[in-house]
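Some notes on the structure that comes next.
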Amino acid sequence: MVQPPESRAAPSPALLEGIAAHLAALAEESETFGIVLCSDPDVAGRYLVQLQQIDRLAQSLREMAGVLASPDPRAAVAAIRLGDLRHALEEAGAA
């Protein structure tokens, strides 16, 4: 006899808020790290692309934290300014 798949319980709001808080903290830490590196002209000149990637990482973490903490995640996803992240989350939500 085939067993039905286990039902998946939605994560609790407290868990989602905790994850959102940690993502926001990581965004702040990575942004601070990028600012420190940008303050060195030699580093900034040699690693501009990588510093921009750090900034994008911080933005992405902040946007995902906002989605997790939002009472209306679909509206929060629609408001994401990073197009590729918004598109990826819209596709994930449609699945």
Side-chain angles (χ1 to χ4, degrees):
M1 185 158 121
V2 176
Q3 296 288 332
E6 292 184 33
S7 65
R8 292 185 175 171
S12 71
L15 175 60
L16 294 178
E17 288 174 20
I19 293 169
H22 278 71
L23 287 173
L26 288 170
E28 291 300 317
E29 289 175 21
S30 61
E31 188 172 65
T32 299
F33 179 62
I35 289 169
V36 168
L37 294 176
C38 284
S39 67
D40 182 327
D42 292 331
V43 171
R46 282 185 283 154
Y47 299 103
L48 181 61
V49 171
Q50 291 81 4
L51 291 167
Q52 289 172 333
Q53 289 171 331
I54 291 171
D55 182 56
R56 186 149 179 96
L57 171 66
Q59 290 177 47
S60 296
L61 290 168
R62 194 171 286 109
E63 294 280 19
M64 288 186 289
V67 170
L68 288 174
S70 175
D72 186 352
R74 287 193 188 277
V77 167
I80 291 175
R81 293 168 288 168
L82 300 172
D84 57 338
L85 176 61
R86 183 182 62 250
H87 181 67
L89 294 180
E90 286 170 343
E91 283 187 351

Atom pair [atom1]/[atom2] of [X] and [Y] - distance to nearest 0.5 Å:
X: Ser60; Y: Leu23; atom1: OG; atom2: CG; result: 10.5 Å
X: Leu68; Y: Glu17; atom1: CG; atom2: CD; result: 10.0 Å
X: Arg62; Y: Glu28; atom1: CZ; atom2: CD; result: 4.5 Å

Check: Given a cutoff of under 4.5 Å between side-chain heavy atoms of I, L, V, M, F, W and Y, with clusters grown through shared members, what are the other residues clustered with Leu48?
Finding: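 Members other than Leu48 - counting any ILVMFWY side chain reachable under 4.5 Å - there are none.
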Could you check if a side-chain atom of [X] sits within less than 4.5 angstrom of a side-chain atom of [Y], using non-hydrogen atoms only?
X: Asp84; Y: Arg56; result: yes
X: Gln50; Y: Gln53; result: yes
X: Ile54; Y: Phe33; result: yes

Quick one: closest heavy-atom pair of [X] and [Y], and the distance?
X: Gly66; Y: Ala76; value: O-CB, 4.2 Å
X: Ala58; Y: Ala27; value: O-CB, 3.4 Å
X: Ala24; Y: Ala65; value: N-CB, 3.8 Å
X: Pro41; Y: Ser39; value: CD-O, 3.3 Å

Check whether [X] and [Y] end up in the same hydrophobic cluster, where Ile, Leu, Val, Met, Phe, Trp and Tyr are linked by side-chain heavy atoms less than 4.5 Å apart.
X: Leu51; Y: Leu82; answer: no
X: Leu37; Y: Tyr47; answer: yes
X: Leu15; Y: Val67; answer: yes

Below 3.5 Å, can you tabulate the donor-acceptor pairs from side chains in residues 85-94 to any protein atom, sequence neighbours excluded?
from	atom 1	to	atom 2	distance (Å)
Arg86	NH1	Ile80	O	2.7
His87	NE2	Glu91	OE2	2.8

Checklist line | For Arg74, all residues meeting side-chain hydrogen bond (donor to acceptor under 3.5 Å, both in side chains), sequence neighbours excluded | finding: none
